[in-house]
Amino acid sequence: MSEPADRRYGPATLPRPRGPISAAVLGALRHPPHDLPPGLGTDLDPADPITDEDLQLTLFLCYELHYRGWCGVDEAWEWQPTMLALRAHAERPFEAALRRLVGAPSVPAAGVAAGLAELVAADNGPPLAATLQRRADLTQFREFVTHRAVYHLREADPHSWALPRLGGPAKAALVEIQTDEYGNGRLDRMHAELFRRTLERLGLDTTYGAHLDAAPAVTLATNNLMSLFGLHRRLRGALLGHLAAFEMTSSLPNRRYGNGLRRLGFDEGATRFYDEHVEADAVHEQIAAHDMCGGLVRVEPILAPDVLFGAAAGLAVDRLFAAHLLDSWAAGRSSLRPPAPPPLPPTVSLAVAASAAVAPPARPVVV
């Protein structure tokens, strides 16, 4: 099987296993499609599915078959029945854990848009964005960007699964949001391309999927959550709720991320991804809550609780992600799985020196 000359855009290289189930999946994917061992994954029931490395990597391996695939892996694996069965076995404890985490959000009398606003207003997660703006050093900022690369190099794709599952006002609103995410058809304006530029400025690998081995389970969970919602029509309301919460909580953190990079001496090429989201997401916030989610519920009122579940789940898993980074840094350790990011290239080291004249970096303290 020939491999593409330009690996920046995928498919991804298979990662290392993290347990018996992911090891079995990886072993199978290296061969032509065939039935997996009978019963594989039927007993998957970890104590905490959201942070279980083996379960989250297993899900990611299965889900990526529906995105850009895996380098050297036969594309027929995407619909191999026993692989789909394994994915279902892994999804059950993950979805159950998400529902336990957030409960069943109630829909206020004022409607789903008001419910989304209440969820966002009540979200008091760890101060990750403030830490990156004010105190994080370059090593920590590079770690944060490494985590986010798993999603941002395919930004918007998980939510695009909703497009063929919608009609009417919700579909029109989603198209408006996604058109911006994809740069209105211009490669240089696609958000994934803007993020690739940030990776370059920070001296990090821009290859699609390059940072999977470094991403812990909680990082994979923030991505698997979107794929779970996107690949199941029954969860289309949750997918739109997740996107709405994402857009409604994005502008201020992205402003802080951009300011944090400027504090560290980086230029517009590094910050443009974040600066773009400050403006775009301020507009998307209203479209997502009122036109997209409100439009969906006007057509399908029964989906209102699902919309709020998706929003609450996304916010809750992001809180776990933020807590993981801040707790790791407060303890003086990396938030990534080994190996850590490569040594700073000389050009990035110069940026560290330049940033010292602006504000000496300090280890962040969670307050």
Side-chain angles (χ1 to χ4, degrees), residues 50-51 119-152 155 194-195 198-199 201-204 211 214-223 225 245-278 281-282 314-338 340-341 344 348-349 351-367:
I50 296 173
T51 59
L119 283 173
V120 168
D123 185 47
N124 57 348
L128 177 60
T131 296
L132 288 163
Q133 177 185 4
R134 299 169 185 164
R135 296 187 294 277
D137 61 32
L138 183 55
T139 296
Q140 293 161 345
F141 216 110
R142 290 176 86 238
E143 285 190 15
F144 167 71
V145 171
T146 298
H147 285 283
R148 288 307 198 196
V150 180
Y151 168 63
H152 285 314
E155 183 164 354
L194 298 180
F195 188 77
T198 300
L199 287 170
R201 291 294 200 276
L202 270 66
L204 293 166
H211 303 288
V218 70
T219 302
L220 298 184
T222 64
N223 291 271
L225 173 72
F246 191 91
E247 300 291 349
M248 295 170 74
T249 57
S250 179
S251 279
L252 178 57
N254 277 294
R255 185 185 301 278
R256 287 174 166 167
Y257 302 148
N259 288 340
L261 282 174
R262 279 182 279 270
R263 173 179 60 83
L264 292 169
F266 286 91
D267 63 7
E268 187 271 343
T271 66
R272 186 181 171 192
F273 171 81
Y274 299 113
D275 297 339
E276 173 73 16
H277 280 74
V278 173
D281 291 352
L315 294 171
V317 175
D318 276 350
R319 288 194 295 270
L320 296 177
F321 168 77
H324 169 74
L325 269 66
L326 292 176
D327 290 348
S328 297
W329 295 342
R333 64 177 182 268
S334 173
S335 62
L336 298 170
R337 290 167 51 83
L344 296 176
V348 179
S349 299
V352 179
S355 70
V358 180
R363 308 300 291 186
V365 177
V366 181
V367 293

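The shown structure was predicted, so the numbers you read here are calculated from the model rather than taken from an experiment.
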For this session: Please name the pair of heavy atoms, one in Ala214 and one in Thr146, separated by the smallest distance, quoted to 0.1 Å.
Result: CB-CG2, 4.4 Å

Problem set entry | Partners passing side chain to side chain contact (heavy atoms under 4.5 Å, CB included) against Val120 (at least two apart in sequence or in another chain) | Met248, Thr249

Exercise. Do Asp267 and Arg262 meet the salt-bridge criterion of a basic N to acidic O distance under 4.0 Å?
Worked result: no

Seminar exercise, completed: Here the gap from Asn254 atom CG to Asp275 atom CG, rounded to the nearest 0.5 Å, amounts to 9.0 Å

Problem set entry | Whether Arg263 side chain and Ala136 backbone form a donor-acceptor pair below 3.5 Å | yes

For this session: Please report the closest heavy-atom contact between Pro126 and Leu326, naming both atoms and the distance.
Result: CB-CD1, 3.6 Å

For this session: Assess the side chains of His277 and Glu155: does a donor N or O sit below 3.5 Å from an acceptor N or O?
Result: yes

For this session: Step by step, work out the side-chain contact (heavy atoms from CB on, under 4.5 Å) result for Tyr274 and Thr198.
Result: CA-CA 9 Å; Tyr274 299 113; Thr198 300; 4.2 Å; yes

Problem set entry | Separation between CG of Leu119 and CG of Leu315, rounded to the nearest 0.5 Å | 6.5 Å

Exercise. Quick one: does Arg142's side chain have a donor or acceptor within less than 3.5 Å of a partner on Leu204's backbone?
Worked result: no

For this session: Go through the steps for Phe321 and His147 under the test side-chain contact (heavy atoms from CB on, under 4.5 Å), then give the verdict.
Result: CA-CA 9 Å; Phe321 168 77; His147 285 283; 3.7 Å; yes

Exercise. Is it true that Tyr257 and Phe273 have ring centroids separated by less than 6.0 Å?
Worked result: no

Exercise. Side chain to side chain contact (heavy atoms under 4.5 Å, CB included) with Ala221: which residues, sequence neighbours excluded?
Worked result: Ile50, Gln56, Phe94, Val317

For this session: Spell out, as yes or no, whether a donor-acceptor pair under 3.5 Å connects the side chain of His324 to the backbone of Ser335.
Result: yes

For this session: Identify, with sequence neighbours excluded, every residue that meets side chain to side chain contact (heavy atoms under 4.5 Å, CB included) alongside Gln133.
Result: Arg256, Asn259

